[in-house]
Colleague: 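Take a look at this one; I'll ask things after.
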Amino acid sequence: MLNFPTKLKETRIKNKYSQKQVAEGIGISETLYQKYEYGKTKPAYDVIIKLCNYFNVSADYLLGLSDDPTRH
């Protein structure tokens, strides 16, 4: 299974979003979002929820605990 930063970046690229688009979409700065993708900092639970809603994937998928992006 992949780690969170890798899964986050793969999910963003798969959906053809820029880092700026995702950051704006969930209400954080682009710099903070980049730190998540680069593994320099970990998001709070509320940010993980926003990311899951934004990408329409489960938390298990985004956290690398499942290969199934389907929401349960």
Colleague: What do the steps show when you test D68 against S66 for side chain to side chain donor-acceptor pair (under 3.5 Å), and what is the final call?
Modeller: CA-CA 5 Å; D68 181 8; S66 170; 5.2 Å; no

Colleague: Is there a path from L32 to I48 through hydrophobic residues (I, L, V, M, F, W, Y) whose side chains come within less than 4.5 Å of each other?
Modeller: yes

Colleague: Can you tell me how far apart CG (L8) and CG (N3) are? Round to the nearest 0.5 Å.
Modeller: 10.0 Å

Colleague: Taking all non-hydrogen atoms of both residues into account, name the closest pair between T70 and S58 and its distance.
Modeller: O-CB, 3.5 Å

Colleague: Does any non-hydrogen side-chain atom of N15 lie less than 4.5 Å from one of Y54?
Modeller: no

Colleague: To the closest 0.5 Å, what do you measure between CG (L63) and SG (C52)?
Modeller: 6.5 Å

Colleague: Is there a side-chain contact between F4 and L51 (heavy atoms, below 4.5 Å)?
Modeller: yes

Colleague: How close do G39 and P5 get, counting heavy atoms only, and between which atoms?
Modeller: CA-CG, 3.6 Å

Colleague: Please determine whether residues L65 and V47 belong to a single hydrophobic cluster, defined as Ile, Leu, Val, Met, Phe, Trp and Tyr linked transitively by side-chain heavy-atom distances below 4.5 Å.
Modeller: yes

Colleague: Once you round to the nearest 0.5 Å, how far does CD of E37 lie from CD of E30?
Modeller: 10.0 Å

Colleague: Please find the pair of heavy atoms, one from Y36 and one from K42, that lie closest to each other, and give the distance.
Modeller: CE2-C, 3.8 Å

Colleague: Measuring from atom CD of Q19 to atom OH of Y33, what distance do you get when rounded to the nearest 0.5 angstrom?
Modeller: 6.5 Å

Colleague: Can the ring centroids of Y61 and F55 be said to lie less than 6.0 angstrom from one another?
Modeller: no

Colleague: Ignoring hydrogens and angles, tell me if any N or O in the side chain of Q21 forms a donor-acceptor pair with the backbone of S18 under 3.5 Å.
Modeller: yes

Colleague: By the definition side chain to side chain contact (heavy atoms under 4.5 Å, CB included), identify the one residue from K9, K14, K7 that meets it with T11.
Modeller: K7

